[in-house]
Amino acid sequence: MNEAVIHLHPAGPLLALVGNPNCGKTALFNRLTGSRQKVANYAGVTVERKEGRVQTPQGKSLRLLDLPGTYSLYPRSPDERVTCDVLAGRAIGEKRPDLVVCVLDATNLRRNLRLVLAVQRMGLPCVVALNMADLAAKRGLHIDTEKMSRALGVPVVRTVATKGEGLDDLRALLGQREDWPAVPAQGEPSTDPQDQARVNALLHELGLDQQTPELPSDQLDRFVLHPVLGPVLLAVLLFFLFQAVFSWAEPPKDLIEASIAWLGTEVGSLMPEGWLRSLVVDGLIAGVGGVLVFLPQILILFFFILVLEESGYLPRAAFLLDRIMGSVGLSGRSFIPLLSSFACAIPGIMATRSIANPRDRLVTILIAPMMTCSARLPVYALLIGAFVPQRQLWGGIQLQGLVLFALYLAGIVGAMAVAWVLKRFTSGQQTRPLMMELPSYHWPHPRNIAIGLWQRAVIFLRRVGGIILVLTLLLWLLASFPGPPEGATGPAIQYSFAGMLGRGLAVIFEPIGFNWQISLALVPGLAAREIAISALGTVYALAATGEDTAQALAPLIAQSWGLPTAFSLLAWFVFAPQCVATLAAVRRETGGMKIPLIMVGYLFGLAYLASYATFHISRWILG
Ligand SMILES: Nc1nc2c(ncn2[C@@H]2O[C@H](COP(=O)(O)OP(=O)(O)OP(=O)(O)O)[C@@H](O)[C@H]2O)c(=O)[nH]1
Ligand SMILES: [Mg+2]
């Protein structure tokens, strides 16, 4: 079919999904539009509006918006404001929605229904998707959708977003514009108590106003949220996670390592001696291959994060840590953004939009980069693999996993300390007690976990094949030219641009124990932390003479660095703001250069201090 007209402004009706946090809007959106937006079992996952298209059985294609969840239409945090602005028609470049799809969590109608009334009061026509119908049925709640539809004066469709139930009915309803309810008259502005009274009357009419029985989730929570057992469980879970990152990854890691080494030797023997061989073997295979080795460890880490996210455990962890966070002046609200930062600081910084208090939000943004993002994992894993012996401690605990755990902990403790200091120097209202909802537990869907892991693998491989590849090749270029002068004795890299740059930087980094190779690797590492590894791989491959070029990086650095240098570099990576993309995100979120500059300054300062102390203390201890 040929498109004769190009629409600059998307025509046709605009639909918006609106509902309380965690009621399944994004799950529904993904099903309806075929998108893959993030779904997780806690409130505040979606913080931006996302757009997609729904195909209706009538053959129409409608625009659909997924919005952040909100409890009311009086916004309290930046993410809720997004939703309110869209509904009021205040969003820039967007018309007011023609139809609101109110998504309700059928297990909590008392709270969810209020939003339907609020939407109607804004004069927006709406239809209701009664989602989580499976959970409601499991709890013995029988909801008469006909009756509910009559009482509300709008169509009601029963849905189970995770299984796709009821979606055909919903699609059919959306495609039938004649069936959309008329724009409700904007009556007297009613008050919240009035709305609540109406909701209560409605629930009574539907026979749903009796007490709900205690749920399995509540029983489990008596253990999970127990003041003593709860934190113990959390510690055990995290501990197990870091152990697994090392012990489970061993076989696939060895396999990838061996394949890369084999490839290096094969390709090296096939190609004639010369710059092209050096580019492929020293630049491409030694550099980029060195990063690829860490894919299994990244996937194991994300496997755990995804399972925790889907199960509904995360907000409980936030609840448990609320007291600790409170003592440094942060609310439990900061927990989810900080936790997301373990994947990458950028989504973490975006997730701070769900924090209502501006001061808390700023402090959370400032400390988010100290949470150990997944780009640091390869660096840690390389250094631990090279320097920490594979020893079993008591109870089968692996020393390597323990060190990794300590590094993650160092970032967290550092972040809490900074938050505490910032609290003393900034004024702000008292942090309010955490009002966070605890969703019911779900079994994680294997399919969702698989999709999540796949997405992570793609992100990592894109980085490896994109920015890491490009910068590694650039470094190879700088490290290979200009060639050595006549009669030179040392490896060629010493006379190259990179060699000069590295030696210049080494002046700054010598006091913290870095040699010129490390100093040089830190420069491209600013673009993405893992590049430090590929850069070291390339630099060492080029600096090596003769036979040992195809050697793996870990034993090479184990031979040439002292333990204090390795520890110092680890400390550097805990704190240093080695990521330009994060700074760009901070600039976007805070609307200026001031905060990113403060962040770079204090993090570099902290990194230098930490490395300096680590280097000298460990040198002193090790004699
Ligand atoms: N059992 C069941 N689970 C569901 C259903 N719909 C969504 N879920 C799960 O509920 C959780 C929340 O889903 P999301 O789609 O992220 O919720 P949301 O409304 O977009 O949440 P926010 O973006 O935080 O406002 C996820 O764990 C989903 O897998 C459903 O109909 N039945
Ligand atoms: Mg969502």
Side-chain angles (χ1 to χ4, degrees), residues 16-33 35-52 64-72 75-84 86 101-109 111-112 115 128-139 141 143 157-167 169-170 215-217 305-316 318 333 336-337 339-340 347 350-355 436-452:
L17 289 168
V18 173
N20 285 178
N22 209 39
C23 65
K25 296 175 294 301
T26 305
L28 208 58
F29 177 81
N30 286 349
R31 282 277 181 174
L32 287 171
T33 63
S35 322
R36 290 217 171 135
Q37 296 300 329
K38 186 176 169 74
V39 169
N41 194 7
Y42 54 84
V45 179
T46 308
V47 292
E48 290 182 297
R49 55 177 272 272
K50 294 277 182 213
E51 189 176 327
L64 180 69
L65 296 181
D66 181 23
L67 295 172
T70 178
Y71 292 110
S72 72
R76 280 164 306 174
S77 53
D79 61 338
E80 289 191 354
R81 196 161 306 127
V82 172
T83 302
C84 297
V86 168
V101 181
C102 271
V103 184
L104 305 188
D105 173 353
T107 63
N108 193 346
L109 286 179
R111 202 193 54 217
N112 279 245
L115 200 61
V128 166
L130 191 64
N131 196 37
M132 307 246 181
D134 54 335
L135 292 182
K138 221 188 257 172
R139 291 186 195 176
L141 294 171
I143 303 168
V157 180
R158 182 186 176 283
T159 61
V160 179
T162 38
K163 300 199 191 96
E165 281 172 35
L167 292 194
D169 294 345
L170 188 58
L215 306 165
S217 277
I305 293 183
L306 287 167
V307 168
L308 291 180
E309 270 185 357
E310 266 291 294
S311 66
Y313 181 73
L314 286 191
R316 270 110 181 151
R333 282 254 168 250
I336 298 286
L339 196 99
S340 313
M350 291 188 37
T352 61
R353 292 182 191 176
S354 65
I355 302 175
M436 184 180 260
E437 208 183 328
L438 299 179
S440 43
Y441 292 101
H442 295 308
W443 279 112
H445 274 261
R447 188 168 162 268
N448 287 355
I449 305 276
I451 291 176

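Counting starts at 1 for both ligands and their atoms, in listed order. Note that the coordinates shown come from a computational prediction; the quantities given were computed from them, not determined experimentally.
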Asn22 and Lys25: which non-hydrogen atoms are nearest, and at how many Å?
N-NZ, 4.1 Å

For Asn22 and ligand 1, does the shortest N/O to N/O distance drop below 3.5 Å?
yes

Looking only at non-hydrogen atoms, find the nearest pair between Thr83 and Pro68 and report the distance.
OG1-O, 2.7 Å

Atom 26 (C) of ligand 1 - nearest protein heavy atom and its distance
Val39 CG1, 3.5 Å

Lys/Arg-Asp/Glu bridge criterion (N-O < 4.0 Å) met for Glu309, Lys38:
yes

Do ligand 1 and Ala27 have nitrogen or oxygen atoms that lie under 3.5 Å from each other?
yes

Sub-2.8 Å protein N, O or S atoms surrounding the Mg ion (ligand 2)
Thr26 OG1, Thr46 OG1

Give, for atom CZ of Phe29 and atom CD of Glu51, the distance between the pair rounded to the nearest 0.5 Å.
7.5 Å

shortest atom 23 (O) of ligand 1-to-protein heavy-atom contact is with Thr46 OG1, 2.7 Å

Nearest to atom 17 (O) of ligand 1, what protein heavy atom do you find, and at what distance?
Gly24 N, 3.2 Å

Check this for me - ligand 1, Met132, N or O atoms closer than 3.5 angstrom, yes or no?
yes

Any N or O on Cys23 sitting closer than 3.5 Å to an N or O of ligand 1?
yes

Option whose closest heavy atom lies nearest to atom 24 (O) of ligand 1, chosen from Asp79, Asp66, Val45
Val45

Atom 32 (N) of ligand 1 [closest protein heavy-atom partner, distance rounded to 0.1 Å]
Asp134 OD1, 2.9 Å

Heavy-atom closest pair (Arg353 atom, Pro78 atom, distance to 0.1 Å) is O-CD, 2.9 Å

Which residue supplies the protein heavy atom nearest to atom 19 (O) of ligand 1, what is that atom called, and how far is it?
Lys25 NZ, 2.7 Å

Looking at atom 20 (O) of ligand 1, what's its closest protein heavy atom, distance included?
Thr26 OG1, 2.7 Å

Say whether Ala161, considering both its backbone and side-chain N or O atoms, lies within less than 3.5 Å of an N or O atom on ligand 1.
yes

Under 3.5 Å, is there a donor on one side chain and an acceptor on the other for Asn20 and Asn112?
yes

Can you name the one residue among Thr33, Asn30, Thr26 that meets side-chain hydrogen bond (donor to acceptor under 3.5 Å, both in side chains) with Asp66?
Thr26

Quick test: of every protein heavy atom, which one is nearest to atom 29 (O) of ligand 1, and how far off is it to 0.1 Å?
Thr162 CG2, 3.5 Å

Quick one: does Thr159 get an N or O within less than 3.5 Å of an N or O on ligand 1?
no

Looking at ligand 1, does any of its N/O atoms fall within less than 3.5 Å of an N/O of Lys38?
no

Once you round to the nearest 0.5 Å, how far does NE2 of His445 lie from CG of Leu306?
13.5 Å

What's the shortest heavy-atom distance between Ala40 and Val45, and which atoms?
O-CG2, 3.7 Å

If you measure from CG on Leu109 to CE on Met132, what distance do you get to the nearest 0.5 Å?
12.0 Å

Measure the CG-CD distance between Asn131 and Glu165 for me, rounded to the nearest 0.5 Å.
10.5 Å

State the OG-CZ distance between Ser311 and Arg316, to the nearest 0.5 angstrom.
8.5 Å

At less than 4.0 angstrom from any non-hydrogen atom of Gly69, what atoms of ligand 1 do you find?
25 (O)

Show, in sequence, the C-alpha distance, side-chain angles and deciding distance for Leu32 and Leu64, and conclude whether the side chain to side chain contact (heavy atoms under 4.5 Å, CB included) test is met.
CA-CA 9 Å; Leu32 287 171; Leu64 180 69; 3.9 Å; yes

For atom 6 (N) of ligand 1, which protein heavy atom lies nearest, and how many Å away is it?
Asn131 ND2, 3.1 Å

I'd like to check the side-chain contact (heavy atoms from CB on, under 4.5 Å) partners of Val157; sequence neighbours left out, ordered by chain and number.
Thr159, Asp169, Leu170, Leu173

Which heavy atom in Ala136 sits nearest to a heavy atom in Ala106, and how many Å separate them?
CB-CB, 3.8 Å

Taking N or O atoms only and a 3.5 Å limit, does Leu135 qualify as a polar contact for ligand 1?
no

So is Ala40 in contact with ligand 1, going by heavy-atom distances below 4.0 Å?
yes

Atom CG of Leu115 and atom OH of Tyr71: how far apart are they, to the nearest 0.5 Å?
11.0 Å

Would you say Leu67 and ligand 1 have an N/O pair spaced under 3.5 Å apart?
no

Under 4.0 Å, heavy-atom basis, I'd like to know which part of His442 is in contact with ligand 1: side chain, backbone, both or neither.
side chain

